[in-house]
Amino acid sequence: MARIGRNDPCPCGSGLKYKKCCLGKAGSHILAAAEKNKEASLGERIATLQEKAVAGQQSLYTLGAFILFTTTAGDGWVLDITEMDAVQVASNGTILDIVIDESPETIEINWTNRFAIKERNFVTTSYADNTVRTWEGYPTHGIASAMKKVKKKFTPEMLQSIHHDEDEPDIDHEL
């Protein structure tokens, strides 16, 4: 696992050195990187991903701790590598409705599956009924490579800080 040095560029994408940006801050700015860089929000990226799936265009890219990909068969997925969560956003060229609540501070997604890569196949386990499904022909090599790159870019602490434990009460911080 790569460690971020004080003088390395901040992984939040601000363009500042880590020591001048996120070092010592309680919360990570991983998910705010898109906003700081004036990039599209996750919701906008998902809409673009769905369009590519409908067109049968294969794509794979990362956004913070998320991996988004489409297949030539018209499937599209969003993956969260910190918890190995997945949600299908397109199936056979048809856009699927997903629940996403995005604000500048948080992103909440109704994850429907857990995912794994087993024997060069993309495998999902449904949260609803524990159904296991193997998806052949998916870009598993690219997904595995993207996972490694994201894990090298961010420390485990930064990746873990993305998630909010629902058992913990919300804490308001005064500035």
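Each residue takes its place number in the sequence, starting with 1. For the numbers below, each heavy atom of this structure counts, side chains included, while hydrogens, waters and symmetry mates do not. It should be emphasised that the depicted structure is a prediction, and the values quoted were computed from it without experimental measurement.
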Measuring from atom OG1 of Thr134 to atom CD of Glu119, what distance do you get when rounded to the nearest 0.5 angstrom? 8.5 Å

Nearest 0.5 Å please: distance from the CG atom of Leu79 over to the CG atom of Leu68. 7.5 Å

Could you grab the distance from atom CE of Met84 to atom CD1 of Ile117, nearest 0.5 Å is fine? 7.0 Å

Are Arg114 and Thr124 close enough, and set up right, to give a side chain to side chain contact (heavy atoms under 4.5 Å, CB included), and what steps lead you there? CA-CA 6 Å; Arg114 290 189 54 78; Thr124 57; over 6 Å; no

Decide whether Phe66 and Tyr127 are clustered together by the hydrophobic rule: side chain heavy atoms of Ile, Leu, Val, Met, Phe, Trp, Tyr closer than 4.5 Å, transitively. yes

Taking the side chain as every heavy atom from C-beta outward, state whether Val123 and Val132 have any atom pair closer than 4.5 Å. yes

Do you know the tightest heavy-atom contact between Ile81 and Lys151? CD1-CG, 3.8 Å

Can Ile109 and Asp80 be said to form a side chain to side chain contact (heavy atoms under 4.5 Å, CB included), step by step? CA-CA 10 Å; Ile109 298 174; Asp80 175 0; over 6 Å; no

Donor-acceptor pair, side chain of Glu83 and main chain of Asp85, under 3.5 angstrom: no

Could you check whether the rings of Phe69 and Trp77 sit parallel, tilted or perpendicular, using 30° and 60° as the cut-offs? parallel

Say you draw a straight line from CZ of Arg133 to CG of Asn121; how long is it, rounded to the nearest 0.5 Å? 12.0 Å

Might you point out which heavy atoms bring Arg45 and Thr62 nearest each other, and give the distance in Å? NH1-O, 4.3 Å

Taking Thr70 for its side chain and Gln57 for its backbone only, find out whether a donor-acceptor pair lies under 3.5 Å. yes

Give a yes or no on whether Asp97 atom CG has more than 12 heavy-atom contacts from other residues, nucleotides or ligands under 6.0 Å away. no

hydrophobic_cluster_shared for Phe122 and Leu60, side chain cutoff 4.5 Å: yes

Identify the heavy atoms of Glu102 and Ser41 that sit nearest to each other, and give their distance. OE2-CB, 3.3 Å

Distance alone, cut at 3.5 Å: any donor-acceptor contact between the side chains of Thr94 and Asn92? no

Shortest non-hydrogen contact between Pro139 and Thr71, atoms and distance: CD-CG2, 4.2 Å

Among the clusters formed by ILVMFWY side chains lying less than 4.5 Å apart, do Tyr61 and Ile46 turn up in the same one? yes

Take Met147 and Ile143 through the side chain to side chain contact (heavy atoms under 4.5 Å, CB included) test and state the conclusion after the steps. CA-CA 6 Å; Met147 288 171 57; Ile143 294 168; 4.0 Å; yes

Taking Gln50 for the side chain and Gly76 for the main chain, is one N or O donor matched with an acceptor at less than 3.5 Å? no

Report whether Val78 and Ile95 are members of the same hydrophobic cluster (ILVMFWY, side-chain heavy atoms less than 4.5 Å apart, transitive linking). no

So do Thr125 and Asn130 actually touch side chain to side chain, heavy atoms under 4.5 Å? yes

Could you walk me through whether Asn110 and Val87 pass the side chain to side chain contact (heavy atoms under 4.5 Å, CB included) check? CA-CA 8 Å; Asn110 186 18; Val87 63; over 6 Å; no

Tyr138 OH to Glu136 CD distance, which is reported to the nearest 0.5 Å: 11.0 Å

Here the pair of heavy atoms bringing Ile107 nearest to Leu42 is CG2-CD2, 3.7 Å

For Ala65 against Val150, the heavy-atom pair lying closest together: CA-CG1, 4.0 Å

Rounded to the nearest 0.5 Å, how far does NE2 of His141 lie from CZ of Arg120? 9.5 Å

